[in-house]
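A short write-up of the structure that comes next.
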Amino acid sequence: MVTRTVDLRSDSVTKPTEAMRAAMANAEVDDDVFGHDPSALRLETEMAKIMGKEAALFVPSGTMSNLISVLVHCSIRGSEVILGNKSHIHIYENGGISTIGGVHPRSVKNNEDGTMDIDLIEAAIRDPRGEIVYPTTRLICLENSHTRCLSVEYTDRVGALAKKHGLKLHIDGARIFNASVALGVPVSRLVQDADSVSVCLSKGLGAPVGSVIVGSKSFVAKARILRKTLGGGMRQVGVLCAAALVAVQENVSKLEDDHKKAKMLAEGLNRIKGLRVNVAAVETNIVYFDVVKGAAEKLCKNLEQHGILIMQESPISIRVALHHQISASDVQYTLSCFKQALTGEVQEDNGI
């Protein structure tokens, strides 16, 4: 019988804290479709300020926030967006930019650190003289963090490239606060050159639901209309925004500890025979590692019997994500279960 559960599948599995539940119960609300919900307005005002942008809009999910952002920038069907071949928008969002928006993705290879070579991005921009046969490039999308954190210098270079060619820049910032903490750079500086940013509130920050889109006032006005079109216009949404505001105010400061626990876990896993971890690549709360003999599925099922929930990435690779509801003791217990599963040795939980 499983007596302890350590859920490392994603940082999206967090449960609302007591402070969040209290805020939800006491939230002042109105009809947000009319733009009158005071709790939603407070969250949006705060997020715009934090991100250094003119305005913000609360939406139900990161998938919707990315889709809306792309569609605002690529309002003409047949537009083209340049994005990484391993980016979330390209792979994990049901092809929404194409199926719903008629936007053509042009993928550029992501390097191991999540960047795309600047020269390859520029080479992917369509020559306007070929518009009779080519889709028209209108947008570049970055993701921060990706496999690793994108630096200010890199993002600035991509932003300068976009401006040079009259393009817009969107950042999928599902874990932008993790990148900010890891790099020691204010989040507003990380997205300074972006025309829009999608910020997830329900991953590392731990809110139960939602993302925000930030950008200029004119951009957000258009985004608000598209949110309604896509079914994201909600009524007394302040109940959710109140919890999200608590998450922003209280949990950003906890991300550094998540990163430290991820590094601790990575170092421990790397010492277990049968696993291979690039410890140096662990910059935030996510750890990728390989099972040397390629039995990732079997290992996941074995660990699940001990209450350790993890996500298989491929036949040989696994991903785990730390969050503020995973303790140092949970990390030690996880390591002991891995060691037992792979070597048969029982590692004592020291109760840290």
Side-chain angles (χ1 to χ4, degrees), residues 10-12 14 46-53 56 62 65-66 69 83-84 86-92 110-116 118 121 140-160 162 169-207 210-215 244 247-263 265-266 278-288 319-324 326:
S10 175
D11 46 8
S12 65
T14 55
E46 180 67 10
M47 288 303 297
K49 180 181 177 182
I50 290 171
M51 304 302 292
K53 301 300 180 185
S65 63
N66 281 328
S69 298
L83 73 182
K86 294 182 179 179
S87 67
H88 204 283
I89 295 175
H90 188 47
I91 300 175
Y92 299 111
N110 280 119
N111 299 316
E112 287 192 8
D113 63 359
T115 62
M116 298 175 280
I118 300 292
I121 296 175
I140 300 171
C141 290
L142 297 177
E143 184 174 339
N144 200 10
S145 63
H146 194 271
T147 50
R148 298 178 75 168
C149 302
L150 304 186
S151 68
V152 168
E153 293 77 16
Y154 176 78
T155 306
D156 284 352
R157 290 181 64 198
V158 177
L169 173 64
H170 172 68
I171 295 179
D172 176 359
R175 295 183 175 90
I176 192 70
F177 281 101
N178 290 92
S180 170
V181 169
L183 294 170
V185 176
V187 69
S188 58
R189 180 63 186 88
L190 275 182
V191 301
Q192 180 175 289
D193 277 359
D195 296 285
S196 60
V197 187
S198 164
V199 185
C200 184
L201 304 169
S202 63
K203 290 189 171 71
L205 298 187
S211 290
V212 293
I213 308 168
V214 298
V248 172
Q249 292 171 339
E250 296 187 359
N251 288 347
V252 172
S253 63
K254 298 177 183 178
L255 296 177
E256 185 175 4
D257 191 50
D258 295 343
H259 299 174
K260 289 178 180 177
K261 286 179 290 189
K263 184 72 80 169
L265 180 63
N278 181 359
V279 177
V282 180
E283 295 178 340
T284 61
N285 63 320
I286 296 178
V287 182
Y288 294 92
R319 187 194 85 162
V320 297
L322 282 288
H323 49 83
H324 70 96
I326 298 296

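As a basis for the values below, the full set of heavy atoms in this structure was taken, side chains included, without hydrogen atoms, waters or symmetry mates.
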Revision key, fill the gap. Per side chain to side chain donor-acceptor pair (under 3.5 Å), Ser198 is matched among Ser69, Ser211, Ser65 by Ser65
Show the nearest heavy-atom pair for residues [X] and [Y], with the distance to one decimal.
X	Y	value
Ile50	Ser188	O-CB, 3.4 Å
Asp156	Arg189	OD2-NH2, 2.6 Å
Leu169	Ala162	CB-CB, 4.5 Å
Thr284	Ala179	CG2-N, 4.5 Å

Step through the shown structure and confirm whether more than 12 heavy atoms of other residues, nucleotides or ligands are within 6.0 Å of [atom1] on [X].
X	atom1	value
Arg157	CZ	no
Glu256	CD	no
Lys86	NZ	no

Value rounded to 0.5 Å, distance of [atom1] in [X] from [atom2] in [Y]:
X	Y	atom1	atom2	value
Ile176	Leu190	CD1	CG	5.0 Å
Asn178	Ile286	CG	CD1	7.5 Å
Thr14	His324	OG1	NE2	5.0 Å
Lys254	Lys261	NZ	NZ	9.5 Å
His88	Arg175	NE2	CZ	7.5 Å
Ser253	Phe177	OG	CZ	11.5 Å

Review point. Which one of Asp113, Asn144, Ile171 satisfies the side chain to side chain contact (heavy atoms under 4.5 Å, CB included) criterion with Leu150?
Key: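 Option passing the side chain to side chain contact (heavy atoms under 4.5 Å, CB included) with Leu150: Asn144.
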Indicate yes or no: at least one non-hydrogen side-chain atom of [X] is less than 4.5 angstrom from one of [Y].
X	Y	answer
Glu112	Thr147	no
His170	Asp195	no
Met116	Val158	no
Val152	Leu183	no
Met47	Val248	yes

Exercise for review: Indicate whether any N or O donor in one side chain lies under 3.5 Å from an N or O acceptor in the other, for Asn285 and His323.
Suggested key: no
Check your understanding: Hey, are Asp172 and His146 close enough side-chain-wise for a donor-acceptor pair under 3.5 Å?
Key -> no
Does [Y] offer a backbone N or O that forms a donor-acceptor pair with the side chain of [X] under 3.5 Å?
X	Y	value
Asn251	Leu205	yes
Ser180	Val185	yes
Tyr288	Val282	no

